[in-house]
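A, B, ... follow the sequence lines: proteins, then strands. Residue 1 opens every chain.
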There are 4 protein chains.
Amino acid sequence: MSDTKDRLLQTAARLFHEQGYHATGVATILREAGVNSGSLYHHFAGKEALLRGVLDWYLDQLRPVITGPVEAAESDPLERIFVLLGNYRAMLESTGCVLGCPIGNLALEVSADHPAVRPLIDANFAQWRAVVASWIDQARDRLLDDVDAEALALFVLTTMEGAIMLARARGTLEPFDVAVANLRRHVELLTA
Amino acid sequence: MSDTKDRLLQTAARLFHEQGYHATGVATILREAGVNSGSLYHHFAGKEALLRGVLDWYLDQLRPVITGPVEAAESDPLERIFVLLGNYRAMLESTGCVLGCPIGNLALEVSADHPAVRPLIDANFAQWRAVVASWIDQARDRLLDDVDAEALALFVLTTMEGAIMLARARGTLEPFDVAVANLRRHVELLTA
Amino acid sequence: MSDTKDRLLQTAARLFHEQGYHATGVATILREAGVNSGSLYHHFAGKEALLRGVLDWYLDQLRPVITGPVEAAESDPLERIFVLLGNYRAMLESTGCVLGCPIGNLALEVSADHPAVRPLIDANFAQWRAVVASWIDQARDRLLDDVDAEALALFVLTTMEGAIMLARARGTLEPFDVAVANLRRHVELLTA
Amino acid sequence: MSDTKDRLLQTAARLFHEQGYHATGVATILREAGVNSGSLYHHFAGKEALLRGVLDWYLDQLRPVITGPVEAAESDPLERIFVLLGNYRAMLESTGCVLGCPIGNLALEVSADHPAVRPLIDANFAQWRAVVASWIDQARDRLLDDVDAEALALFVLTTMEGAIMLARARGTLEPFDVAVANLRRHVELLTA
DNA sequence: CATGAATGAGTATTCATTCAT
DNA sequence: AATGAATGAATACTCATTCAT
């Protein structure tokens, strides 16, 4: 991948995360990436294609950057869930509860009117969920028999996305922490 | 409240919900409300003030329109939670999983760069949560002693917001239903 | 004159002086005067008519407020010129060289495209010049025979307006003081 | 310099001179220059930056276009002053006393609320004054010993700016001619 | 592949003014 | 005389995109 294209993707990813898709102008991406407008349209069909490129890139990064390190750092499969959530908490904390999950931000803003983008957002969610499901599956002998790993993984994801949303709205970590505490209680009840 | 102002609020509420805040142009609001540009700025200081008006209006509507009917239709306090979630499901279903919670849509898009709006989003979440907490509190003798009504109400909210987000991203109701099923299981475990 | 009309005139006079005619919006005048838009158009035909009202008011004020006090404070007719210029200097000084002669500000901005206003600006200049000419005339026996009082009065006025312009452009009183020093020298040469 | 940028500068210079800064809309400049709105903001940061560009351009033009021809046409240094003033008189005459000094017009309108512009206006005045001072300096042996070339040059400038202002307000050349006659008398007295 | 000028519809907002009450 | 909502053209400026070099 050319350096220019890479710089565009990283800059766009950051700005879409910080400001959202519509609030981020192409001119801002170009300026901050140090790229000319002509070059953007050489590498991407337009702003939406750049967004798709960003979501592809997130998908590639998910295992090596997001879930892989959690697996390396924590061997207990159920505990990995809470280490992962703790990492998102750390991002919220270090940014004053401004930056949460980049996919979640885009999901609500872009799903409705950009049909070509929605599958990529869904794919990111699906892979995140699949990794967490694999962890739960590894702990299936500690869980009640009727626990569905895929379903519980989705519940982890909805909790995280909802928790980030409320933490951003409040401007404090409290909603995030309360939501995660509820989730932990739920997992404990399922392991009783 | 004047007719013009009311029409602006209702039109803006609908468009912000359907398209998001940034993707909705003032010109579109004016055209669909049948209002001249000058009149908007007679009633509101600007687009952001209009958004604040919308969020104030949502707050006023919450009990009479959202939670009140649930209380009228269902007497079991815990079951009310699932009736309420069912109503959001119905909105998703009738719009092809496009329209979910109007507050949640705005929370992620606007929290970061519109500091004057964030408290109003938080207030909407807080009041929703307070009503649900009051229901849980009414059922406290059926719940484990250590259940915190406020905390559990927040968990209901994060589940709902996360569930709507995933249903919109997928374009189907499945994630919503799976999340709600998890939540129901959680409540059942707390009533054992 | 009604209180409302008076307040409009005084507020408009101040704002036109501070910001200029085009840069002052009617809405600002109304807000700062505490008057409704309907009332303005009851008393004046429009913004330009308000400006004409201001210029009429300046003309009324000229003798009682501008030149009268100079005559009361200084008996030497030639010295009165420099007392008068000193008063304009004081206004420049107390406003950081921002506010000079209100008529001069408007003359350049409005003469070209508001033909109904120009005669009023000219009348203000003419009356100012007439008063100064009367002072010079009182000192005619101390001046060279060929000194034309009207002509010299105009020279005083051009010096003052040019001096204010340069002081505003520089942001210091130096150009004003230098110009007045030149003028004093000129008067001295004419009294030799 | 690109053709587009040049056309913008020349058109803006003309319109700012004819109508003033605030009374000239960006749309008018664009229409008369035959330039698209986007292009203006490619070359200039905004309307004020365009004004700064105009003032820079005036500064560049001052010697080659304004004072240079005077030096070529008239060898007597003191007489050059009156040739220069005569050129401004010709501009007033050919435009029905509407167009005077483009810098003076802007000085009063823009000095107060556009701090970034003021130094450029001052620079134009300063350079004009410096050229005239150099002429006076060349005639220093014909002038009284205590004549300060810089101070007298400023007096020439204030006279000219004040004279143009009054000629525009009156709509005739008479105030200009009277002011210049006074100035000529002053110079004669200094050469006695 | 890069450059950067050009495009022109679109943005939110302000303008002076009118008018029904 | 006063009120304040309504009017809609005009304001300065930004948008994503195109294209000749």
Side-chain angles (χ1 to χ4, degrees), chain A residues 2-5 8 21-31 34-51, chain B residues 1-5 7-8 21-31 34-51, chain C residues 2-5 8 21-31 34-51, chain D residues 1-5 7-8 21-31 34-51:
Chain A
S2 82
D3 188 47
T4 298
K5 189 171 181 180
L8 281 168
Y21 177 72
H22 289 101
T24 299
V26 171
T28 307
I29 298 170
L30 293 171
R31 187 184 342 105
V35 168
N36 290 91
S37 62
S39 295
L40 188 155
Y41 292 91
H42 173 78
H43 291 288
F44 298 96
K47 188 185 180 185
E48 191 196 287
L50 179 56
L51 172 60
Chain B
M1 183 186 305
S2 84
D3 190 45
T4 299
K5 188 172 182 179
R7 233 159 47 237
L8 282 169
Y21 176 73
H22 289 102
T24 300
V26 171
T28 306
I29 298 170
L30 294 169
R31 187 183 344 107
V35 167
N36 292 315
S37 62
S39 295
L40 189 157
Y41 295 92
H42 177 74
H43 293 286
F44 299 95
K47 187 185 180 184
E48 193 197 288
L50 178 56
L51 172 60
Chain C
S2 83
D3 187 47
T4 298
K5 189 172 181 180
L8 281 169
Y21 177 73
H22 289 102
T24 299
V26 171
T28 305
I29 298 170
L30 294 169
R31 189 185 339 109
V35 167
N36 289 92
S37 63
S39 295
L40 187 155
Y41 292 91
H42 174 77
H43 291 288
F44 299 94
K47 188 186 180 186
E48 192 197 287
L50 179 56
L51 172 60
Chain D
M1 186 186 301
S2 85
D3 189 47
T4 299
K5 189 171 181 180
R7 234 158 47 235
L8 283 168
Y21 177 73
H22 289 103
T24 300
V26 171
T28 306
I29 298 170
L30 294 170
R31 187 181 346 103
V35 167
N36 292 314
S37 61
S39 294
L40 189 157
Y41 295 92
H42 177 73
H43 293 286
F44 299 95
K47 188 184 180 186
E48 191 196 288
L50 178 56
L51 172 59

Item to complete: Before giving the answer on side chain to side chain contact (heavy atoms under 4.5 Å, CB included), spell out for C:Tyr21 and C:Glu48 the whole-Å C-alpha distance, their side-chain angles and the decisive distance to 0.1 Å.
Response: CA-CA 9 Å; C:Tyr21 177 73; C:Glu48 192 197 287; 3.7 Å; yes

Let me know the distance between [atom1] of [X] and [atom2] of [N], rounded to the nearest Å.
{"X": "C:Leu40", "N": "E:dT17", "atom1": "CG", "atom2": "P", "value": "9 Å"}
{"X": "B:Glu48", "N": "E:dT11", "atom1": "CD", "atom2": "P", "value": "19 Å"}
{"X": "B:Leu30", "N": "E:dA12", "atom1": "CG", "atom2": "P", "value": "9 Å"}
{"X": "D:Lys47", "N": "F:dA10", "atom1": "NZ", "atom2": "P", "value": "15 Å"}
{"X": "C:Phe44", "N": "E:dT17", "atom1": "CZ", "atom2": "P", "value": "13 Å"}
{"X": "D:Asp3", "N": "E:dG4", "atom1": "CG", "atom2": "C1'", "value": "16 Å"}
{"X": "B:Leu8", "N": "E:dT13", "atom1": "CG", "atom2": "P", "value": "13 Å"}
{"X": "A:His42", "N": "E:dG4", "atom1": "NE2", "atom2": "P", "value": "17 Å"}

Can you tell me if the side-chain N/O atoms of [X] get under 4.0 Å from OP1 or OP2 in [N]?
{"X": "A:Asn36", "N": "E:dG4", "value": "yes"}
{"X": "A:Thr4", "N": "E:dA2", "value": "yes"}
{"X": "D:His43", "N": "E:dA6", "value": "yes"}
{"X": "A:His22", "N": "F:dC15", "value": "no"}
{"X": "B:Tyr41", "N": "E:dT14", "value": "no"}

Worksheet item: What is the minimum heavy-atom distance between C:Ala49 and C:Ala45, and which atoms define it?
Response: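 What the structure gives for the nearest pair is CB-N, 3.6 Å.
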
Worksheet item: Which pair of heavy atoms, one from A:Thr24 and one from A:Lys47, lies closest together, and at what distance?
Response: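 In this case the closest contact between A:Thr24 and A:Lys47 is O-NZ, 2.9 Å.
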
Worksheet item: Given that D:Ala27 and B:Gly38 both sit by DNA chain F, which one's nearest nucleotide is further toward the 5' end?
Response: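 Nearest nucleotide further toward 5': that of B:Gly38.
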
Discussion item. Any base atoms under 4.0 Å from D:Thr28, or only sugar-phosphate, or nothing? Heavy atoms, all strands.
Written reply: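 D:Thr28: no heavy atom of the nucleic acid under 4.0 Å.
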
Worksheet entry | CZ on D:Arg7 to CG on D:Leu30, rounded to 0.5 Å |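 One gets 11.0 Å once the value is rounded to the nearest 0.5 Å.
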
Worksheet entry | Spacing of A:Asp3 atom CG and A:Lys5 atom NZ [to the nearest 0.5 Å] |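 Rounded to the nearest 0.5 Å, the CG-NZ separation comes out at 13.0 Å.
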
Worksheet entry | A:Thr4 and A:Leu40: CA distance, side-chain angles, deciding distance, side chain to side chain contact (heavy atoms under 4.5 Å, CB included) verdict | CA-CA 8 Å; A:Thr4 298; A:Leu40 188 155; over 6 Å; no

Response to the item:
Intra- and inter-strand pairing of DNA chain F, written as dot-bracket with Watson-Crick and G-U pairs under 3.5 Å and | for the latter, reads .||||||||||||||||||||

Discussion item. Base of E:dA9, side chain of D:Ser37 - is there a donor-acceptor contact under 3.5 Å?
Written reply: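 Pair found.
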
Worksheet item: Starting at the 5' end of DNA chain E and moving along, which residue's nearest nucleotide shows up first, A:Ser39 or D:Val35?
Response: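 Closer to the 5' end of DNA chain E: A:Ser39.
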
